[in-house]
Amino acid sequence: LVYRLLVFELAQMRTLKDGGKGVTLMELNPGEKLIDCLTVNEEGCVVSGQGRSKSREKRYDVLWIANLRPLKRAEWLLGLASSLPARSFAMGGGPNDQKYYDYIEQEANKIPNINFIGAKPFNYVDNLLSNSKLLVCTSEFEGFPNTFLQAWANSIPVVSTVNPNKILTEKGIGIYVETLEDLIQKVDNLLSDKQLYNLMKANIKTYFEANHSNEIAYNKIIKLLDSE
């Protein structure tokens, strides 16, 4: 469970009623400025937005994050890392299936260019994303993974076996793959092609600002609450 905090400069407080509960927001007046939009978890830690703290994490070429269970196909990441020994990898996620988790952890620790980090809080993952070059998803199927949005908030391209609404290919903000061999080739190509990588980062910035910026998030919340 996370909470969005909208931070404004000289903003007016506005209270709306939703199901008998008061929802207090801050409304912009003409000339006022939206400073930041912070996402805060249940422990009160800022997990995204300009207000989050950044630790000095090692920079990884590839980050893989998911709750470990068979449909996530974490063994694909093991195969990817083994095939690209000159690249650095981080692998994280909690034990949704303990037996599978233990197996993947054991196998990952045999591969020298993988750092198996296990379960970590959102703010730690956000720091990892901002200090990684790619996010890789190897799932059999997904809806719209939150990790994609986290990656794009940090201008990180996604290479994935799922392509929700064809967004990766149509927006040019990631690469869709279907096989392990394709995954290995596309990851290696993207990390080696600086021009393509920078173009994809520029596409991500354009897409994210047009669809998920602080101002757009604020306007969506206001519209939603006003419709109640």
Side-chain angles (χ1 to χ4, degrees), residues 1-7 34-41 45-55 57 59-67 72 76-77 80 87-93 117 120-139 141-177 183 186-187 189-191 193-221:
L1 188 64
V2 296
Y3 307 89
R4 303 296 297 279
L5 301 182
L6 305 176
V7 183
L34 175 60
I35 297 174
D36 199 4
C37 181
L38 308 180
T39 302
V40 180
N41 64 17
C45 298
V46 175
V47 299
S48 67
Q50 294 176 3
R52 67 189 184 274
S53 61
K54 291 288 186 183
S55 63
E57 299 291 345
R59 186 166 183 88
Y60 295 100
D61 290 309
V62 175
L63 177 63
W64 186 99
I65 294 288
N67 287 325
K72 300 295 184 178
W76 282 38
L77 193 280
L80 176 64
R87 302 295 185 182
S88 57
F89 294 77
M91 181 180 226
I117 60 175
K120 294 295 180 184
F122 288 130
N123 55 335
Y124 188 98
V125 172
D126 197 59
N127 283 335
L128 280 175
L129 278 165
S130 68
N131 288 285
S132 300
K133 295 178 182 177
L134 295 179
L135 175 70
V136 163
C137 170
T138 56
S139 296
F141 58 86
E142 292 278 359
F144 196 109
N146 289 331
T147 51
F148 284 20
L149 291 178
Q150 266 189 293
W152 294 330
N154 288 284
S155 297
I156 304 302
V158 175
V159 181
S160 173
T161 53
V162 296
N163 188 13
N165 300 319
K166 300 183 179 179
I167 192 171
L168 300 180
T169 47
E170 290 187 356
K171 300 296 182 181
I173 56 180
I175 296 175
Y176 172 61
V177 298
L183 175 66
K186 295 297 174 56
V187 166
N189 287 347
L190 185 54
L191 289 173
D193 189 336
K194 187 174 182 180
Q195 184 176 359
L196 176 61
Y197 183 80
N198 288 336
L199 174 62
M200 199 164 288
K201 286 176 71 71
N203 291 342
I204 292 168
K205 187 174 186 296
T206 299
Y207 164 77
F208 199 83
E209 289 180 351
N211 294 277
H212 304 287
S213 68
N214 297 341
E215 288 84 357
I216 288 174
Y218 170 76
N219 289 333
K220 285 181 178 178
I221 292 172

List the steps, then state whether side chain to side chain contact (heavy atoms under 4.5 Å, CB included) holds for Leu63 with Leu129. CA-CA 7 Å; Leu63 177 63; Leu129 278 165; 3.7 Å; yes

Check step by step if side chain to side chain contact (heavy atoms under 4.5 Å, CB included) holds for Thr147 and Cys137. CA-CA 9 Å; Thr147 51; Cys137 170; over 6 Å; no

Walk me through whether Phe148 and Ile173 qualify under side chain to side chain contact (heavy atoms under 4.5 Å, CB included). CA-CA 10 Å; Phe148 284 20; Ile173 56 180; over 6 Å; no

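To the nearest 0.5 Å, atoms CE (Met200) and OG (Ser155) are separated by 13.0 Å.
Considering only residues two or more places apart in sequence or on other chains, Ser139 meets the side chain to side chain donor-acceptor pair (under 3.5 Å) condition with Glu142. With sequence neighbours excluded, no residue forms a salt bridge (Lys or Arg N to Asp or Glu O under 4.0 Å) with Lys201. Lys205 meets the side chain to side chain donor-acceptor pair (under 3.5 Å) test with Glu209; sequence neighbours excluded.
Side-chain contact between Leu134 and Tyr197 is present, with heavy atoms from C-beta onward closer than 4.5 Å. You'll find the side chain of Ile204 stays beyond 4.5 Å of the side chain of Val158, heavy atoms only. Side-chain contact between Thr161 and Trp76 is present, with at least one heavy-atom pair separated by less than 4.5 Å. Residues Phe89 and Val136 form no side-chain contact, since every pair of their non-hydrogen atoms from C-beta on lies 4.5 Å or further apart. Considering only heavy atoms from C-beta on, Ile175 stays 4.5 Å or farther from Pro157 through its side chain. Residues Ser88 and Ser132 form no side-chain contact, since every pair of their non-hydrogen atoms from C-beta on lies 4.5 Å or further apart. For the pair Arg87 and Val62, the minimum side-chain heavy-atom distance is 4.5 Å or more.
Contact detail for Lys72 and Ala66: the closest heavy-atom pair is CD-CB, 3.9 Å. A pairwise comparison of heavy atoms in Leu149 and Phe208 identifies O-CE1, 3.8 Å as the closest pair. The minimum heavy-atom distance between Trp64 and Thr138, with the atom names listed, is NE1-OG1, 2.9 Å. Shown here for Pro145 and Pro164, the closest heavy-atom pair between the two residues is CD-CG, 4.2 Å.
Around the CG atom of Asn146, the shell of radius 6.0 Å holds no more than 12 heavy atoms that belong to other residues, nucleotides or ligands. Heavy atoms of other residues, nucleotides or ligands lying less than 6.0 angstrom from CG of Asn165 number 12 at most.
With hydrogens and angles ignored, the 3.5 Å screen pairs a side-chain donor or acceptor of Asn211 with a backbone N or O of Tyr207. Between the Asn203 side chain and the Gly172 main chain, a donor and an acceptor come within less than 3.5 Å of each other.
Each of Asp126, Asn131, Asn127 was scored for a side-chain hydrogen bond (donor to acceptor under 3.5 Å, both in side chains) with Asn154, with one residue passing: Asp126.
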